[in-house]
> 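Sharing a structure here in structure tokens format.
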Amino acid sequence: MAENESSNFIYKFIDEDLEAKRWGERVATRFPPEPNGYLHIGHAKSICLNFGIARDYKGSCNLRFDDTNPAKEEQEYVDSIMEDVLWLGFKWDNLYFASDYFDKLHDFAIKLIREGKAYVCDLTADEIREYRGTLTTPGKESPYRGRSVEENLDLFYRMGKGEFPDGSRVLRAKGDMASGNLNMRDPVMYRVLTATHHRTGDKWCIYPMYDWAHGQSDAIEGITHSICTLEFEDHRPLYDWFLAQLGEEFPTPPRQIEFARLNLSHTVLSKRKLIELVKDSYVDGWDDPRMPTISGFRRRGFTPESIRDFAGRIGVAKKDSLVDYALLEHCLREDLNKRAERRMAVLHPLKVVITNYPEGETEHFECVNNPEDESAGTRMVPFSRELYIERDDFMEDPPKKFFRLGPGREVRLRSAYFITCEKVVKDADGELVELHCTYDPESRGGASPDGRKVKATLHWVSAAHAVDATVRLYDRLFTEENPGVEKDGISYLDKMNPDSLTELEGCKVEPSLSKLSPEERVQFERLGYFVADRREHSAEKPTFNRVTTLRDAWAKISGK
RNA sequence: UGGGGCGUGGGCAAGCGGUAAGCCACCGGUCUUUGACACCGGUUAUCGCAGGUUCGAAUCCUGCCGCCCCAGCCA
């Protein structure tokens with residue numbers, strides 16, 4: 001049994017197999033990405049599942065690149081995938097490539113040919129499709145199906161030597177052209193492909209197909225449970241069949257188990273669409289903070305812990321589902337609330353002059369770094385006569401439920417003083433310029449001197465000490481809950497949120513913020529969690545990304 | 001009668017014959033030097049539908065209905 005409370009059907013299967021001693025005590029999994037794109041949150045679910053099983057059963061988990069199609073795969077993707085898996089917090093027991101097994105796969109294919117179970121087919125791609133039949137009608141056998149073993153062997157060797165052009169011939173297994181499962185209708189095992197492979201270079205000009213490579217690769221590595229997504233369910237009979245043909249080689253073949261892939265609301269997770277977003281510059285690269293890629297979430301400021309927590313909470317089942325993005329945000333906030341230190345930053349500055357505060361004077365207030373974690377300590381924040389507060393924290397004609405600053409109202413400045421708004425200063429056009437306030441010296445530190453209460457506590461930054469910063473506010477990339485589902489011919493591209501990125505310049509932040517390291521996360525009090533941009537933040541040009549907002553009761557009341 | 005899957009509250013998801021967990025969301029309230037956090041309480045379930053078996057069914061059987069996947073020399 002696994003050493004935790006995980007309860008899903010895969011754990012159940014493994015428990016049964018363990019009990020039946022199908023592979024003895026051993027549990028071995030693998031995460032098998034094709035290096036043709038960056039990993040996304042859906043892959044994170046699979047990674048957490050596979051590596052989690054290895055952890056829970058004290059087994060092993062390999063990272064294996066399914067690199068059987070050099071036409072689409074690149075080293076850049078290999079590198080990014082390794083980086084992302086590591087960042088998520090997992091270490092593979094072995095790093096392998098399907099291309100490591102090309103020689104073995106080739107030998108296995110020859111064995112099948114010798115046994116009359118595979119043949120070289122000269123049909124064109126179009127012809128193969130025609131011969132395959134349709135979903136409801138059986139296919140018919142290829143005219144090349146009856147070639148002799150000798151001829152097949154000769155042709156296959158010559159395919160491998162590059163004697164035939166791309167697409168001219170394939171090696172096929174003899175399945176059943178009448179099978180209701182199209183995968184069994186003489187599946188292609190090898191195709192001729194002249195392309196330089198990122199690892200094997202020009203050694204090969206024939207490459208194995210997924211179905212021929214995957215099961216054998218699993219078996220070679222001694223994988224016990226080969227976990228994949230639902231769309232491969234139809235491939236399982238073929239997976240099992242190929243391994244059965246290699247019986248003596250693999251006496252205890254792996255068991256393929258399928259689960260439903262993740263769908264996340266307000267985004268798309270199809271590789272094709274993500275590639276399109278990047279290649280056609282709808283976003284700024286694979287790690288654009290709006291992207292649902294692992295590197296995107298990383299740059300956005302998400303923690304690996306929150307993503308792992310999310311993966312654990314969504315469960316594993318076989319039902320198609322659409323998980324609410326709010327759950328991911330919840331996991332993030334829960335994690336960051338405990339860990340992120342608090343800071344003050346004003347995104348939309350409104351100047352406040354404390355008219356009864358001595359000119360030229362500065363004092364420092366001790367501010368708690370994290371009320372959830374005493375060990376985070378305190379810091380000193382400068383205060384002076386002129387400050388900035390958030391524009392949204394003032395209303396000239398406030399409704400009843402607004403209890404921040406307004407004419408004649410008193411509020412607390414966090415960790416500083418109570419102030420009262422005495423005068424609203426406007427320019428010739430009637431635009432708000434600044435506020436004149438008075439402070440109560442008795443309220444130093446923010447404590448109510450005579451027991452009187454204020455309804456609001458505002459964040460603030462001393463104007464003389466403020467550091468200018470660039471702050472990027474991110475929102476969901478798509479306006480619809482499930483943009484990937486096309487109806488009425490409307491593309492997901494037409495559902496992109498025009499306001500998914502708002503870049504603010506000239507934000508006023510407390511001095512300590514320029515000292516943040518890239519990727520360091522903090523909470524801007526009352527606003528949300530922010531991260532120093534991994535690539536662009538520096539002390540000279542502080543640049544922050546909003547990871548997510550704080551929950552905002554006022555936004556609900558005010559209908560924003 | 002092509003094959004393979006899936007259907008439990010708004011979103012996930014336990015449950016596997018003994019009378020519907022939990023999480024998210026939502027709605028109230030308490031607390032509060034973050035309208036945050038925390039805490040308390042609440043709402044939504046004829047378990048796709050219809051029959052059947054059984055003392056008893058979300059769980060077993062039968063028949064329907066709905067949704068998803070498969071006709072790449074992609075994975």
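Every chain is numbered from 1 and lettered A, B, ... according to where its sequence line falls, protein lines coming before strand lines. If you're wondering where the values come from, they're calculated on a predicted model, not measured in any experiment. Computation of the quantities below employed the complete heavy-atom set of this structure, encompassing side-chain atoms and omitting hydrogens, waters and symmetry-equivalent molecules.
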> Mind checking Phe65(A) for me? I need base, sugar-phosphate or nothing, with any heavy atom below 4.0 Å counting as a touch.
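Result for Phe65(A) = nothing.
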> Counting side-chain heavy atoms from C-beta on, which of G5(B), A75(B), U34(B) comes nearest to Asn69(A)?
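Of the candidates, A75(B) comes closest.
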> Please state how far atom CG in Asp186(A) lies from atom P in C70(B), giving the value in whole angstrom units.
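It is 21 Å, rounded to the nearest whole Å.
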> Taking NZ, NE, NH1 and NH2 as the nitrogens, is one of them in Asp392(A) or Arg526(A) under 4.0 Å from a carboxylate oxygen of the other?
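No, no charged N to carboxylate O under 4.0 Å.
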> Using whole Å, report how far CD1 of Ile206(A) lies from P of C73(B).
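Rounding to the nearest Å, CD1 of Ile206(A) and P of C73(B) are 16 Å apart.
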> Starting the side chain at C-beta, find the nucleotide from C74(B), G35(B), C73(B) nearest to Phe402(A).
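Between C74(B), G35(B), C73(B), the one nearest the side chain of Phe402(A) would be G35(B).
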> Taking atom P in both G51(B) and A14(B), what distance in whole Å separates the two?
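My reading of the P atoms in G51(B) and A14(B) gives 29 Å.
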> Check every atom of G5(B), U34(B), C70(B) against the side chain of Leu182(A) and return the nucleotide holding the closest atom.
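That would be C70(B).
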> Report yes if a donor N or O on one partner sits less than 3.5 Å from an acceptor N or O on the other, where the partners are the side chain of Arg551(A) and the base of G35(B); otherwise report no.
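Donor-acceptor pair under 3.5 Å: no.
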> Scan every strand shown for a Watson-Crick or G-U wobble partner of A36(B), both distances under 3.5 Å, and answer none if you come up empty.
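The base-pairing partner of A36(B), which may sit in any strand shown, does not exist here.
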> If you only use heavy atoms from C-beta on, which nucleotide in A75(B), C6(B), C12(B) is closest to the side chain of Lys318(A)?
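Per side-chain heavy atoms of Lys318(A), the pick is C6(B).
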> Taking any heavy-atom pair under 4.0 Å as a contact, classify Met209(A): base, sugar-phosphate, or nothing.
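Met209(A): backbone/sugar contact only, no base atoms under 4.0 Å.
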> Between A75(B) and His235(A), counting only base atoms on the nucleotide and side-chain atoms on the residue, is there a donor-acceptor pair under 3.5 Å?
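Indeed there is one.
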> Choose from C24(B), C74(B), G5(B) the nucleotide whose nearest atom is closest to any side-chain atom of Glu233(A).
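Nearest listed nucleotide: G5(B).
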> Nearest to the side chain of Phe403(A), heavy atoms from C-beta on, is which of G5(B), G4(B), G35(B)?
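Within the option list, the nearest is G35(B).
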> Is the distance between the ring centroids of Tyr239(A) and His235(A) under 6.0 Å?
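No.
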> Could you check whether Arg132(A) gets within reach of a base, just the sugar-phosphate, or nothing at all, counting any heavy atom under 4.0 Å?
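Here Arg132(A) touches the backbone only, sparing every base.
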> Strictly by modelled atom types, are Ser443(A) and Arg412(A) linked by a side-chain donor-acceptor pair under 3.5 Å?
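On atom types as modelled, these side chains do not qualify, holding no pair under 3.5 Å.
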> Below 4.0 angstrom from OP1 or OP2 of G15(B), is there any side-chain N or O of Ser7(A)?
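Yes, such a contact exists.
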> Does the ring of Tyr96(A) carry Arg30(A) above it, NZ/CZ under 6.0 angstrom from centre and within 45° of its axis?
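No, Arg30(A) does not lie over the aromatic ring of Tyr96(A).
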> When the distance from CG of Asp552(A) to P of A25(B) is rounded to whole Å, what number comes out?
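Atom CG in Asp552(A) sits about 14 Å away from atom P in A25(B).
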> For Val188(A), report the nucleic acid contact type (base, sugar-phosphate, nothing); a contact means any heavy atom under 4.0 Å.
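Val188(A): backbone/sugar contact only, no base atoms under 4.0 Å.
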> For Ala317(A), answer base if it contacts any base atom (sugar-phosphate contacts may also be present), sugar-phosphate if it contacts only those atoms, and nothing otherwise; contact means non-hydrogen atoms under 4.0 Å.
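Answer is sugar-phosphate: Ala317(A) comes under 4.0 Å of backbone atoms only.
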> May I ask you to say whether Glu390(A) pairs ionically with Arg404(A), meaning some side-chain N is under 4.0 Å from a carboxylate O?
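No salt bridge links Glu390(A) with Arg404(A).
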> Return the nucleotide paired to A20(B): Watson-Crick means purine N1 to pyrimidine N3 with N6-O4 or O6-N4, wobble means G-U with N1-O2 and O6-N3, both under 3.5 Å.
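Its partner: none found.
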> Taking only Lys NZ, Arg NE, NH1 and NH2, and the carboxylate oxygens of Asp or Glu, determine whether Asp15(A) and Lys12(A) approach each other closer than 4.0 Å.
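Between Lys12(A) and Asp15(A) there is no salt bridge, as every charged N stays at least 4.0 Å from the carboxylate O atoms.
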> Give one of base, sugar-phosphate or nothing for Asn337(A), where a contact means two heavy atoms less than 4.0 Å apart.
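Sugar-phosphate: the residue Asn337(A), judged by heavy atoms under 4.0 Å, touches backbone atoms but no base.
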> Would you indicate which nucleotide in G4(B), G2(B), C68(B) comes nearest to any side-chain atom of Asp320(A)?
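Selected nucleotide (nearest to the side chain): C68(B).
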> With a 3.5 Å limit on both atom pairs, tell me what G72(B) is paired to, counting Watson-Crick and G-U wobble, or say none.
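G72(B) is paired with nothing.
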> Give one of base, sugar-phosphate or nothing for Leu238(A), where a contact means two heavy atoms less than 4.0 Å apart.
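Contact class for Leu238(A): none.
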> For Val316(A) and for Lys455(A), find the nucleotide of RNA chain B with the closest heavy atom, then tell me which residue's nucleotide is more 5'.
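So the residue in question is Val316(A).
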> Taking NZ, NE, NH1 and NH2 as the nitrogens, is one of them in Lys72(A) or Glu34(A) under 4.0 Å from a carboxylate oxygen of the other?
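Looking at Glu34(A) together with Lys72(A), the answer is no, because their closest N to O distance does not fall below 4.0 Å.
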> How far does the P atom of C65(B) sit from the matching atom of U53(B), given to the nearest Å?
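Looking at atom P only, C65(B) and U53(B) are 23 Å apart.
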> Checking only heavy atoms, does the side chain of Asn181(A) share a donor-acceptor pair with the base of G4(B) at less than 3.5 Å?
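Counting by modelled atom types and ignoring angles, no donor-acceptor contact under 3.5 Å is found here.
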> Just checking Val454(A): base, sugar-phosphate only, or nothing, at a heavy-atom cut-off of under 4.0 Å?
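No contact.
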> Given atom CZ of Arg185(A) and atom C1' of G4(B), what is their separation to the nearest angstrom?
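Distance, rounded to whole Å: 13 Å.
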> Look at all strands and tell whether Leu193(A) reaches a base, only sugar-phosphate, or nothing, counting heavy atoms closer than 4.0 Å.
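The residue Leu193(A) makes no contact with any strand.
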> Starting the side chain at C-beta, find the nucleotide from A25(B), A14(B), A75(B) nearest to Ala326(A).
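Output: A25(B).
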> Decide yes or no for Pro32(A) and His214(A): does some side-chain heavy atom of the first lie under 4.5 Å from some side-chain heavy atom of the second?
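Pro32(A) vs His214(A): side chains touch.
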> Is any side-chain nitrogen or oxygen of Arg526(A) closer than 4.0 Å to OP1 or OP2 of G35(B)?
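Result: yes.
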> What integer distance in Å separates Asp373(A):CG from A36(B):C1'?
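Those two atoms, CG and C1', are 16 Å apart.
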> Identify whether any heavy atom of Arg129(A) sits under 4.0 Å from a base atom; if not, whether one sits that close to sugar-phosphate; answer base, sugar-phosphate or nothing.
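Answer is sugar-phosphate: Arg129(A) comes under 4.0 Å of backbone atoms only.
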> Taking only the side-chain nitrogens and oxygens of Arg191(A), find out if one of them lies under 4.0 Å from OP1 or OP2 of C74(B).
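Result: yes.
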> Starting at atom OH of Tyr11(A), determine the distance to atom C1' of C16(B), rounded to an integer number of angstrom.
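It is 20 Å, rounded to the nearest whole Å.
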> Between C37(B), U33(B), G2(B), which nucleotide has the shortest distance from any of its atoms to the side chain of Thr457(A)?
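Of all the options, the side chain of Thr457(A) is nearest to U33(B).
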> Is the phosphate of G15(B), meaning OP1 or OP2, less than 4.0 Å from a side-chain N or O of Lys12(A)?
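For G15(B), OP1 or OP2 has a side-chain N or O of Lys12(A) closer than 4.0 Å.
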> Indicate, with a heavy-atom threshold strictly under 4.0 Å, whether Thr137(A) touches base, sugar-phosphate, or nothing.
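Counting heavy atoms under 4.0 Å across all strands, no contact is made by Thr137(A).
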> Mind checking if Glu334(A) touches a base, just sugar-phosphate, or nothing, with heavy atoms under 4.0 Å?
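Counting heavy atoms under 4.0 Å across all strands, no contact is made by Glu334(A).
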> Classify Lys338(A) by what it touches in the nucleic acid, base, sugar-phosphate, or nothing, heavy-atom distance under 4.0 Å.
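Since no nucleic acid heavy atom lies under 4.0 Å of Lys338(A), the category is nothing.
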> On a whole-Å scale, what distance lies between the C1' atoms belonging to G28(B) and U44(B)?
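It works out to 15 Å between them.
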> Tell me whether the side-chain N/O atoms of Lys556(A) come closer than 4.0 Å to OP1 or OP2 in C27(B).
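Yes, Lys556(A) has a side-chain N/O under 4.0 Å of OP1/OP2 on C27(B).
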> So that I can tick it off, tell me whether Glu510(A) and Arg379(A) are bridged by a salt bridge, with the cut-off set at under 4.0 angstrom between side-chain N and carboxylate O.
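Answer for the salt bridge query: yes.
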> Less than 4.5 Å apart, side chain to side chain, heavy atoms only: is that true for Arg546(A) and Val531(A)?
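Arg546(A) vs Val531(A): side chains apart.
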> For Phe259(A) and C12(B), what is the distance between atoms CZ and P respectively, to the nearest whole Å?
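Phe259(A) atom CZ is separated from C12(B) atom P by 16 Å.
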> Starting from P on G3(B), measure out to CG on Asn183(A) and report it in whole angstrom.
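Roughly 15 Å, once rounded to whole Å.
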> If G7(B) has a Watson-Crick or G-U wobble mate with both distances under 3.5 Å, name it; if not, just say none.
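Paired with G7(B), as far as the under-3.5 Å criterion goes, is C65(B).
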> Does His459(A) put a side-chain nitrogen or oxygen below 4.0 Å from OP1 or OP2 of U34(B)?
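It does not, given that no N or O in the side chain of His459(A) lies less than 4.0 Å from OP1 or OP2 of U34(B).
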> Have a look at Glu525(A) and say if it touches a base, only the backbone sugar-phosphate, or nothing, with a 4.0 Å heavy-atom cut-off.
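Contact class for Glu525(A): base.
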> With a 4.0 Å limit, can you tell me whether Lys319(A) has a side-chain N or O closer than that to the phosphate oxygens OP1/OP2 of A13(B)?
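Yes, within the criterion.
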> Identify whether the glycosidic angle of G72(B) places it syn (within 90° of 0) or anti.
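Here the answer is syn: the torsion falls within 90° of 0.
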> Need the pair for G41(B). Rule: Watson-Crick or G-U wobble, both distances under 3.5 Å, any strand; none if unpaired.
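Matched G41(B) with C27(B) under the 3.5 Å cut-off.
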